[in-house]
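Source: prediction; values computed, not measured. For reference, positions follow the sequence shown, starting with 1.
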Amino acid sequence: MSFGLGVLRLPPRDFWAMTPRELVSAWGALMGDRAGPLERRDLQDLMERFPDGR
């Protein structure tokens, strides 16, 4: 949900109307297509770019 509403900034109506395939396509377009789990350095990069709120 946070990807669709926060990153893509979709209105809730449009987010809930998306199919899982459309959401995956949007993810791939922005984040790059990946096969398999994240590598440690990719996880570190994501944690630095999007830290948890304190």
What residues form a ring pair (Phe, Tyr, Trp, His ring centres under 6.0 Å) with Trp16, not counting sequence neighbours?
none
Residue pair Leu10 / Leu5: nearest heavy atoms and the distance that separates them
O-CD2, 3.4 Å
At what distance, to the nearest 0.5 angstrom, does CE of Met47 lie from CG of Asp42?
12.5 Å
Return the OG to CG distance between Ser2 and Leu8, rounded to the nearest 0.5 Å.
10.0 Å
Of Thr19, Leu23, Val24, the residue whose pairing with Arg21 passes side chain to side chain contact (heavy atoms under 4.5 Å, CB included)
Thr19
Check the pair Asp14, Glu22 against side chain to side chain contact (heavy atoms under 4.5 Å, CB included), reporting the backbone distance first and the verdict last.
CA-CA 11 Å; Asp14 294 341; Glu22 290 171 327; over 6 Å; no
